[in-house]
**Student:** 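This is the structure I want to talk about, given as structure tokens.
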Amino acid sequence: MTVSTDHGRTEANSGRRRAQVALIGNPNAGKTTLFNALTGLRAKTANYPGITVDVRRGRMSLADQQCDVVDLPGLYSLDSLTPEEKLAAAMLCGELPGEPRPDVVVLVLDATNLERNLFLASEILDLQVPTIVALSLMDAAEAAGISVNVERVADELRCPVIPISSRSGAGLDELRAEISQLLGDRRLPVAQEGHVSCTAGCTGCQFGARYDWASSLASRAIETPESHGRRTAAIDSILTRTDVGLGAFFAMMLGVFYLIFSLAGVPMGLIESVFAWLAAGVDRVAELVLRPGLTSHLVNFVTAALIYSAACRVAGLSWNRLRIAIGLVVCAGVAALPTADFRSLLVDGVVGGVGGVVVFLPQICILFFFISLLEDSGYMARAAFVMEKVMRFVGLPGQAFVPMLSAHACAIPGIMATRVIENWRDRLATILVLPLMTCSARLPVYAMVAALLFADSPAAGAVVFLGAYLLGIGAALGTAFCLKSTVLRGEPVPLVLELPPYRLPSLRNALTTVVDRALVFMRKAGTVILLISVVLWALATYPKLPAESLPVAAQTQIDDLQARAELAAEPAAAEELLAQVEHLVAQEELAYSWAGRAGRAVEPIFRPLGFDWKINVGVISSFAAREVIVSTLAIIYGVGEESGEDAATLTETLKGQLREDGSPVYTTATSLSLLVFYVLAMQCLPTQAVTKRETGSWNWAIFQLVYMTALAYLAALITYQVVSRVT
Amino acid sequence: MTTTDAEMAPLPTFSPGTVLRICRVDAEGDDAVRLKRLGLCVGRETRLVQVGDPLVLLVVGCRVGVSRPLAGLIYVTPSDPTDGTPPELDVPESK
């Protein structure tokens, strides 16, 4: 992805560079809330070339100009350890290549926690960049009875100090006015005394001197009541206790997941209906518009070109010669397709592919909504605290659990969330095992297997789900343990974590996060899945089945059904019979295609797992999207794709399937083996692409694919062999 | 400061509620930076809030969780309010 080198900072008309304002502050200081309040929805996540750190940039309107605002990652000090902190420090010091120093720095200090925040303040003021201090969370300070003598703070810091309450909007206008003024006169903060003298000493001395200064200023400018912090202490006495804390954590997680699945049902159903309607609509339009002839090929070409450019646009790819060349080849290929195939491509490949991605948005959005609320409230730090011991047992830091939580919606945002993990080895280990966690796409497969095994007992079905989730989590932790004991050996970073005071979370922040994550998911997953859906459509459609190649048995059946249809008394019965004919034809066509042949070719490999060639076709198709197996099996078993929706029909059909020797295909052993395979297998190309991006090389992505496939194969093999002997 | 080496002890050996003054931090490299930038450096006062692994400390007005092995590298003495040192860290109760 190429971003214009100045991030679009030059004004289109005047060529004058827009002013750059950077927001800096401690984590949890209310920086992001302030950023959202200043920029509204005009913010997006940007990337610096060569660095996998995403930073939010937005536009702010001042009285006389527009300026760019950057929300830098939270810092405790300019001594930086993580890539995020290094980026923030580098940008402030003007050490980022191609990136100028910010024109104004807005130093966000938490009014409820001023003493700690002043440490960073002393370092930032020493940088001699025009600085404004925004005293955030003033409303929370007032509510807690903390009084801050703003004039005294301003006197001491010798730079403008603006009290802010982002929630109510108080102070924002003054802040904007002050920024505007500072951009004009470029006043530098006056050099601070008292701690600058200690520059030549050891680091400890520097730290100590700054803290002494911070304490001294805090004691003179702030009055904190006795009762301050009691509420946080009281809640923590439960939530950070070893035993109760862990229990509370699991209860919280169960609650969140329950909410996700219960709330997501309605929007997911809605999305499925919309896409079904869209597919029918597109089919109808195509039927009317496309007629064999030159014009139809032209229409094919134009439609393909539009879809291709739209996909490139969504993925954030710019046009270069290679992409244009690929586009022309693809569109030419599509243009050459016969009408019926093009219709099928549009409806099954494109609309079906996009719909298959969008349907998971509700679960992903709801999960990130709750994660944001939990983070904002201060609970996430406690969760990392409580999980520290469990995680350290497998060699990972406690913070690794947040990405693992995200991975239960989709591994892609989970992998991106691993950026909070400081140590490179720990981060890599987490990225490599994350896709083992059960993501939303696996759920339709679990549902299918649960119905196969326990159609009559929802309780037993729930056990299947729980077992699958636990298997995924267990496999992830176990693999992390192995990796950290061998290839990625090294002590995990010990926990040193601030436990911020509990606060009411911000809905606005949560919504902004949700929109951001949803867009990331659509861009990263959506475009790749669309591509694979189209490829798999091609594999499942070609080569086409010539009429004379239809197997004799199938032909006889079709003839029989057609004859009965003609003799049928009622039109409904005739339609039903003709539908069966269609299903049979579809079944044979799939068997004849490349996908079908591949399914047969790998039969010897998967036979020890209890799979037959039809299941293999389903597994192969799952490399586009895991849940596709359900509809693929529906086609290959001749019940038609629509029955994929109707669990009862598909389940009955599957149960009735017999092997060549007369034994049933879907025994308990085969069903469980299939389940285990899907829990553990890496069947998601978009995840691989993100792994590559975050780890910097395809080697780790390939390693991930290989080890997960091997693990899935072995586990399914053992499951089938053991269970088939026992049942 | 009149403490001698003999009076110092690792932080986790104290009981909750004690106010302690940090005399020595044996951590190195990145670990040292992590501790110091959250206020756990020589000369600072800290209150031990909760023992265990990790443990919870109150320092520079904030609650901080520190893993026990790392906390064991911090040597402290009980902070005596009568030794004349001004109580800079005037945090009334845990925050």
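Naming: A, B, ... by sequence-line order, numbering from 1 per chain. These numbers were taken from a predicted model, which means no experiment stands behind them. Just so it is clear, the values below take in all heavy atoms, side chains as well, and ignore hydrogens, waters and symmetry mates.
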**Student:** Can you tell me how far the CG atom of B:L55 sits from the CZ atom of A:F385, to the nearest 0.5 Å?
**Tutor:** 7.0 Å

**Student:** Which atoms of B:D31 are under 4.5 Å from chain A, going by heavy atoms: the side chain, the backbone, both sets, or neither?
**Tutor:** side chain

**Student:** Salt bridge or not for B:R37 and A:E85, using N-O below 4.0 Å?
**Tutor:** yes

**Student:** Flag yes if more than 12 heavy atoms outside A:F481 fall under 6.0 Å of its CZ atom; otherwise flag no.
**Tutor:** no

**Student:** Using non-hydrogen atoms only, which part of B:L38 is less than 4.5 Å away from chain A: side chain, backbone, both, or neither?
**Tutor:** both

**Student:** Apply the side-chain contact (heavy atoms from CB on, under 4.5 Å) test between A:R116 and each candidate in B:V60, B:V59, B:V64; give the one that qualifies.
**Tutor:** B:V60

**Student:** When rounded to the nearest 0.5 angstrom, what is the spacing between CG in A:L495 and CZ in B:R68?
**Tutor:** 14.0 Å

**Student:** Using the rule given for side chain to side chain contact (heavy atoms under 4.5 Å, CB included), can you reason through A:L499 versus B:V56, listing the C-alpha separation, both sets of side-chain angles and the distance that settles it, and then say yes or no?
**Tutor:** CA-CA 9 Å; A:L499 301 175; B:V56 180; 4.2 Å; yes

**Student:** Is it true that atom CD of A:E95 has more than 12 heavy atoms of other residues, nucleotides or ligands lying nearer than 6.0 Å?
**Tutor:** yes

**Student:** Tell me whether the count of non-hydrogen atoms from other residues, nucleotides or ligands lying under 6.0 Å of NZ in A:K389 goes above 12.
**Tutor:** no

**Student:** Could you state the interatomic distance from OG1 (A:T240) to CD (B:Q50), rounded to the nearest 0.5 Å?
**Tutor:** 3.5 Å

**Student:** Does a salt bridge link B:K36 with A:D79, judged by any charged N lying under 4.0 Å from a carboxylate O?
**Tutor:** no

**Student:** Would you compute the distance between atom CG of A:N26 and atom SG of B:C62 and round it to the nearest 0.5 angstrom?
**Tutor:** 7.5 Å

**Student:** Any idea which heavy atoms bring A:Y211 and B:G39 closest together, and the distance?
**Tutor:** OH-N, 2.8 Å

**Student:** Could you look at A:E388 and say if it's the side chain, the backbone, both or neither that has a heavy atom under 4.5 Å from chain B?
**Tutor:** side chain

**Student:** Of the backbone (N, CA, C, O) and the side chain (C-beta and beyond), which part of B:L73 lies under 4.5 Å from a heavy atom of chain A, both, or neither?
**Tutor:** neither

**Student:** So, do B:E45 and A:S215 sit near enough that their side-chain heavy atoms are less than 4.5 Å apart?
**Tutor:** no

